[in-house]
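This report concerns only the one structure given below.
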Amino acid sequence: MKRVDIPGLEQGCAQLVMGSMMLSDERMAYSAGLLDAYFGIGGNTIDTAHVYGPSGARAIGQWMRERGNRADLVLIGKGAHHDENGPRVTQEAMERDLADTFERMQTDYVDIFMLHRDDPARPVGEIVEALNAQLEAGRCLALGASNWTARRIQEANDYAAAHGLTGFACNSPNLSLAKPNEPRWPGCISVDDDYAAWHARTQLPLLSWSSQAGGFFTGRFSPERRDNAEAVRVYYSDANWERLDRARFLAARKGVDANQIALAFVLRQPFPTCALIGPNETSELLSSAGALSVSLTPAEMRWLDLTDAELHDGE
């Protein structure tokens, strides 16, 4: 599987990143089977977060111990998420969340430590200083942001460069072919045209969460079916139904399915991208892996995203 270089890591990050919310140490055989299948197709990167709870992290830790493969993996640990009292993007919260993460997974570092949210009221320099303390302590090898605006990431990396510190090596907003009508969860950031242009300029690697838009392209949704309130709220729009129709058209041409076209759209951006996936079954994992071999021309990318009204071949 192709890997994306992340500054600070000796090994690259697999283009398909395995999510962990479906894993549980109470279903260890199931969890280990999914992780084995992911590792078996060349995957090496697992996404975790403190707010996802301990069960999935404990499953990953047990699997790593039994397989003896910690050094072969890139573990993402996200922390400092807001709580019921509001933002907690502080050094104390970072260290507390990392300590919990290490205990759950029985490791002493994560490869990438991401801030799960931003606190725009806090000077970005304070946050960069606190993050670098984690690097210096050996608790992580690289830094990332999740659900930060491009402006704040740029400010953080400018501060780091000016003060001889390490900035963000990657970014994890939402990027998918289906565009959300509103944030899926409070505080979430999705990529728009300006954000994508910033990534194209900076070439900062992007690791997209909800890269498959909650299964919007799998065929389980239609304008008439409205039993999933979250999908209706976030993804039901005339523009997204048109994107689905176009994905189906291209899928038929290329001998794949619409979900693979949608995932290929994420992976074929003009900047380094990885896609976070959350398969519930090995068959879903292998289906997602099929998107790795799907090629899309710039013209097809624009047409899928409704930028071009006509599909021009040969570009």
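All figures in this text were calculated on a predicted structure; none of them were measured in a lab.
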Will you find, in the side chains of [X] and [Y], an N or O donor that is under 3.5 Å from an N or O acceptor?
X      : Y      : result
Asp47  : Trp209 : no
Gln62  : Asp25  : no
Arg184 : Ser210 : yes
Glu230 : Tyr235 : no
Trp63  : Asp36  : yes

Straight-line distance of Ser288 OG to Met18 CE, nearest 0.5 Å:
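Here the rounded value is 9.5 Å.
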
Strictly below 4.0 Å, N to O, side chains only: are [X] and [Y] in salt-bridge contact?
X      : Y      : answer
Arg151 : Asp118 : no
Lys179 : Asp192 : no
Lys254 : Glu300 : yes

Considering only residues two or more places apart or on different chains, which pairs with a residue in residues 158-176 satisfy salt bridge (Lys or Arg N to Asp or Glu O under 4.0 Å)?
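Listed by first then second residue: nothing to list.
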
Taking the ring centre of each residue, are Trp148 and Tyr195 less than 6.0 Å apart?
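No.
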
Is it the case that the side chain of Thr307 and the backbone of Trp303 share a donor-acceptor pair, with hydrogens and angles ignored and the cut-off at 3.5 Å?
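Looks like no, no N/O pair under 3.5 Å.
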
Are any side-chain N or O atoms of Tyr30 and backbone N or O atoms of Asn280, one a donor and one an acceptor, separated by less than 3.5 Å?
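Checking the backbone N and O of Asn280 against the side chain of Tyr30, a donor-acceptor pair under 3.5 Å is found.
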
Can you see which heavy atom on Ser176 is nearest to which on Val266, and at what distance?
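Taking Ser176 first and Val266 second, the nearest heavy atoms are CA-CG2, 3.9 Å.
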
Derivation and outcome, side chain to side chain donor-acceptor pair (under 3.5 Å), residues Thr218 and Arg220
CA-CA 6 Å; Thr218 61; Arg220 74 179 69 151; 3.2 Å; yes

Tell me if the CD atom of Glu26 is crowded by more than 12 foreign heavy atoms within 6.0 Å.
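Counting other residues, nucleotides and ligands, CD of Glu26 stays at 12 neighbours or fewer.
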
Pairs where residues 73-107 contributes a residue and the test ring-ring contact (aromatic ring centres under 6.0 Å, His included) is met, not counting sequence neighbours:
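The answer is His81-His116.
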
Is it possible for you to check whether Arg70 lies under 6.0 Å from the centre of the six-membered ring of Tyr109, through NZ or CZ, and within 45° of that ring's axis?
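Flagged: Arg70 positioned over aromatic ring of Tyr109.
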
What pairs of donor and acceptor atoms, side-chain ones from residues 139-146 against any protein atom, are under 3.5 angstrom apart with sequence neighbours left out?
| from | atom 1 | to | atom 2 | distance (Å) |
| --- | --- | --- | --- | --- |
| Arg139 | NH1 | Gln134 | OE1 | 2.8 |
| Ser146 | OG | Ser172 | O | 2.9 |

